[in-house]
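To keep things clear, I will list the structure first and then write my remarks on it.
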Amino acid sequence: MKVIAAYLLAVLGGNTTPSADDLKDILGSVGAEADDDNIGVLLSELKGKDIAEVIASGREKLASVPSGGGAAAESKKEEKVEEKEESDDDMGFSLFD
């Protein structure tokens with residue numbers, strides 16, 4: 001994930017095609033270690049692609065993924081159920097007092 005973040009930072013900085021050395025420099029500037037294998041895989045997957053198009057296609061794919069919000073909805077329903085307290089409609093007087 002940190003390699004992806006470094007790549008995106010390089011692109012935001014104006015470098016449309018960052019190299020492995022660019023990513024290592026970015027990661028090194030914050031004290032993070034750079035894994036050559038991860039950098040190589042990322043650069044090979046993104047070679048010749050526009051990062052904005054890659055992000056847009058990823059958003060489309062994520063839109064079709066179920067979010068699984070069913071458990072949260074059930075807990076909210078349970079929270080809404082409150083016990084009714086006795087009301088003082090009779091102003092403190094009982095019918096049989």
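For clarity, every value in this text was computed on a predicted model and none was experimentally measured.
Applying the side-chain hydrogen bond (donor to acceptor under 3.5 Å, both in side chains) definition to pairs two or more places apart or across chains, those involving residues 11-21 are Asn15-Asp22, Ser19-Asp22. Residues in residues 54-64 take part in no salt bridge (charged side-chain N to carboxylate O under 4.0 Å, His left out) pair, two or more places apart or across chains.
Placement of Leu42 and Leu9 in two distinct hydrophobic clusters is found when ILVMFWY residues are connected by side-chain heavy-atom separations under 4.5 Å, directly or transitively.
Residues Ala20 and Leu43 share a closest heavy-atom pair of N-CD1, 3.5 Å.
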Listed pairs under 3.5 Å, donor-acceptor, residues 24-31 side chains, sequence neighbours left out:
residue : atom : partner : partner atom : Å
Lys24   : NZ   : Asp36   : OD1          : 2.8
Ser29   : OG   : Ile26   : O            : 2.6

Hey, can you pull the donor-acceptor pairs under 3.5 Å for the side chains in residues 46-56, sequence neighbours left out?
residue : atom : partner : partner atom : Å
Lys49   : NZ   : Glu45   : O            : 3.2

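By the 4.5 Å heavy-atom criterion applied to side chains, Tyr7 and Ile39 are not counted as neighbours.
The CG atom of Asn38 lies 8.5 Å from the NZ atom of Lys2; values are rounded to the nearest 0.5 Å.
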